[in-house]
Number of protein chains: 2
Amino acid sequence: MAATIRDVASAAGVSASTVSRAFTAPDLVGEETRGRVRDAAQRLGYLPNRQASGLITGRTGNIGLVVPDLANPFYTEILKPLQSRARGADYELVLTDSEEDPELEPVLVRRLAGQVDGLILCSPRMSDEQLADLPAGLPIVTMYREVPGRPCVLVDYADGMEQVVRHLVALGHRRIAYVAGPRGSRAGALRREGLQAAIGRSDAELVEIGHHPPHFDGGGAAADPVLASGATAVIAFNDLVALGLLAMFTQRGVRVPAELSVVGCDDVAITAMAGVPLTTVSVPFARAVRNAVDLLLATIAGNDAAPRPTRLPTHLVARGSTGPAPR
Amino acid sequence: MAATIRDVASAAGVSASTVSRAFTAPDLVGEETRGRVRDAAQRLGYLPNRQASGLITGRTGNIGLVVPDLANPFYTEILKPLQSRARGADYELVLTDSEEDPELEPVLVRRLAGQVDGLILCSPRMSDEQLADLPAGLPIVTMYREVPGRPCVLVDYADGMEQVVRHLVALGHRRIAYVAGPRGSRAGALRREGLQAAIGRSDAELVEIGHHPPHFDGGGAAADPVLASGATAVIAFNDLVALGLLAMFTQRGVRVPAELSVVGCDDVAITAMAGVPLTTVSVPFARAVRNAVDLLLATIAGNDAAPRPTRLPTHLVARGSTGPAPR
DNA sequence: AGTGTTGCTGCAAACGTTCCCACAATGTTT
DNA sequence: AAACATTGTGGGAACGTTTGCAGCAACACT
């Protein structure tokens, strides 16, 4: 069916080795020969068979992405830059959803191991032991999560929270609620610590509102407890939760930001599209992904890149959902 | 490094052929032998090498997805069900973004052709000629777009528009604006036709507002022309555009739905999260994807599934952004 | 004239599977 | 008792590449 390297070889009047070299190590073949080979390949529509070459080189040309939930914009946000960077490096992107199941993840990683040269792992819930247990030979870069001995890309949520607290305190808020995300989320722990530290340095107090799923509905469920807490501002685990709060506040007739300020986290694309544009902590998704891919490619290439975590800054984006504390 | 079929073979005291058969055609090998092979494989952590088997069988175990824009929720919406269905059939999902570039798409499809067993193509802008020119041997299912001779999954936008018009007319609207999407979008053409037909059957009139990019900003840009048109209701090309309109209306102090009703299209997840929950035409994404994958798998298996397009119903979801015409 | 050196090319052996064919051993028909 | 199926197994040739090695010009240095 498709043209093979031998078809090209005979069309160009050379051996298969030469054709192979013309593509993989062009400087090893004479200029004139190289031209003939290229022409013949072009004419026959030859594309090298990755499976065959992979069999020899041990490379697949794929990089994998494992995320807990493809329906969560926080994870789809990175898809575009990731795909584009991967393509730039001539890799395909293989996608996997672990369905928020920490038990499933190691299985998926192992299954994927044979089909990718490396992978980017977003795994907020997996335990440290599971993480350490992953196949050592497989290049892995984790995002938003530190793993000893592996390169990883982190985001400075603590500083983001510091900025949020300063922002709110400057607006006169003294009683601030925090709607926590799922129990056991690492990113959540980081945010919380940063938040507590920042609150400690201020003269405001923090009210923590239970654990809620990191979705829109989670925010809805948290709204009434927030109202009951007497806080004048609320910081949500992430933007979806913030949006859920916002929607429920509107339904309850509570005006944002006049009566209550709301802050999200992550700055996923839709926050800017909400009815009340959301004040939120912006995560540099594109930069994070670029870093992750670069680290991964370096690891694949064998440059055991400093497994010192890359830490990226966050910054507060003040939009319409925060304002001066009421009276 | 990793255990090969021969390692398993010698560990189990059989030949490589037998090991292979024990996995790919278990009923061809004796029960007792099969057990020994399975045990040995388990012990050695053997996983068959897909590249090697693919080289023989010509199958990769991957299915590809090509979409024009991974940052558009309309396309990421299908990711979750698609990935899950693919995994169920023991396929991996390979993702590609064509960057809204109809020229790039054929190139990407060809590049992907070698690495997937088939692909799902969302390509609203590609020309019919380009589409017909794709490699005939590659199983392809198109979504939201009809291609002669190929299986495809369509969505009955015309009927959705009919429902929208009836809804609006029933609310007393007689002058309805339509914000068109990008020139050359097939889905757009379908919506428009359905819309015009439905309007024709009613006593309302339609005002078409230029072509705008299918994003939030496109909606923002269309807002003033809509206001100037004197329409009491506006139907947007898609939900993002509707959200953009909504935001700009809020900024202009126009109350929705009291002064102006807004209707989106597609019912992507975020519409329900908007400040004013959006009335929209709901597309059965999960069903559509299930159908597409099933068609694709059938085509891959060689059951040249009736290339009669599958057409799925849409339905209007009336939320808060539509109401009685003013005055 | 001999000895390297350099630049280009071909041969053939891998890589890890699958699958056709052959070949026993056993059971079934005539 | 001969002929033929049936069942389970192994041998070995593919599949389309890459790559170590060897060969062979051509050319430069002693």
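As the structure is a computational prediction, the values presented were derived from the model and not from experiment. The chains referred to below are lettered A, B, ... by the order of the sequence lines, with proteins before strands, and numbering in each begins at 1. Both backbone and side-chain heavy atoms feed into the values below; hydrogens, waters and symmetry mates do not.
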Worksheet, complete the sentence: Exactly one candidate in A/Asn62, A/Val293, A/Leu297, A/Leu296 meets side-chain contact (heavy atoms from CB on, under 4.5 Å) with A/Tyr91; the answer is A/Leu297
Worksheet item: Are any side-chain N or O atoms of A/Glu105 and backbone N or O atoms of A/Pro102, one a donor and one an acceptor, separated by less than 3.5 Å?
Response: no
Item to complete: Would you check if the side chain of A/Gln83 reaches a backbone N or O of A/Leu93 as a donor-acceptor pair within less than 3.5 Å?
Response: no
Discussion item. Tell me whether A/Arg125 contacts the main-chain N or O of A/Glu100 through its side chain, where contact means a donor paired with an acceptor under 3.5 Å.
Written reply: no
Worksheet item: Checking B/Arg150 side chain against B/Val141 main chain: does a donor-acceptor pair fall under 3.5 Å?
Response: no
Item to complete: Mind running salt bridge (charged side-chain N to carboxylate O under 4.0 Å, His left out) on A/Arg145 and A/Asp128 for me, showing each step along the way?
Response: CA-CA 10 Å; A/Arg145 173 82 184 266; A/Asp128 285 330; 3.1 Å; yes
Worksheet entry | Where chain A begins and ends its contact with DNA chain C, read 5' to 3' at 4.0 Å from heavy atoms | C/dC8 to C/dG16
Worksheet item: Does anything in residues 9-25 of chain A reach DNA chain C, meaning a heavy atom under 4.0 Å, and if so which residues?
Response: A/Val14, A/Ser15, A/Ser17, A/Thr18, A/Arg21
Fill in: Residues touching DNA chain C, which here means a heavy atom under 4.0 Å, drawn from residues 28-43 of chain A
A/Leu28, A/Val29, A/Gly30, A/Thr33
Practice prompt. Would you check if the side chain of A/Ser20 reaches a backbone N or O of A/Ala16 as a donor-acceptor pair within less than 3.5 Å?
Written response: no
Fill in: Short N-O contact, A/Asp90 and A/Arg50, less than 4.0 angstrom
yes
Worksheet item: Under the ring-ring contact (aromatic ring centres under 6.0 Å, His included) criterion, do B/Tyr144 and B/Phe74 qualify, and how do the steps go?
Response: CA-CA 11 Å; B/Tyr144 315 122; B/Phe74 178 69; 4.9 Å; yes
Give the table of side-chain donor-acceptor pairs shorter than 3.5 Å for residues 108-119 of chain A, with sequence neighbours excluded, one pair per line with atom names and distance.
residue, atom, partner, partner atom, Å
A/Arg111, NH2, B/Glu92, OE2, 3.3
A/Gln115, NE2, A/Arg111, O, 3.2
A/Asp117, OD1, A/Thr60, N, 2.7
A/Asp117, OD1, A/Thr60, OG1, 2.9
A/Asp117, OD2, A/Thr60, N, 3.2
A/Asp117, OD2, A/Gly61, N, 2.9

Worksheet item: Could you give the start and end, 5' to 3', of the contact zone on DNA chain D for chain A, using atoms under 4.0 Å from its heavy atoms?
Response: D/dG16 to D/dG20
Response to the item:
Ordered by number, residues from residues 49-61 of chain A within less than 4.0 Å of DNA chain C (heavy atoms) are A/Leu55, A/Ile56
Worksheet item: So among A/Arg85, A/Lys80, A/Arg87, which one has a salt bridge (Lys or Arg N to Asp or Glu O under 4.0 Å) with B/Asp97?
Response: A/Lys80
Discussion item. Please check this pair: side chain of B/Ser10 against backbone of B/Asp7, looking for a donor-acceptor N/O pair closer than 3.5 Å.
Written reply: yes
Worksheet item: Between the side chain of B/Arg311 and the main-chain N/O of B/Val153, is any donor-acceptor distance below 3.5 Å?
Response: no
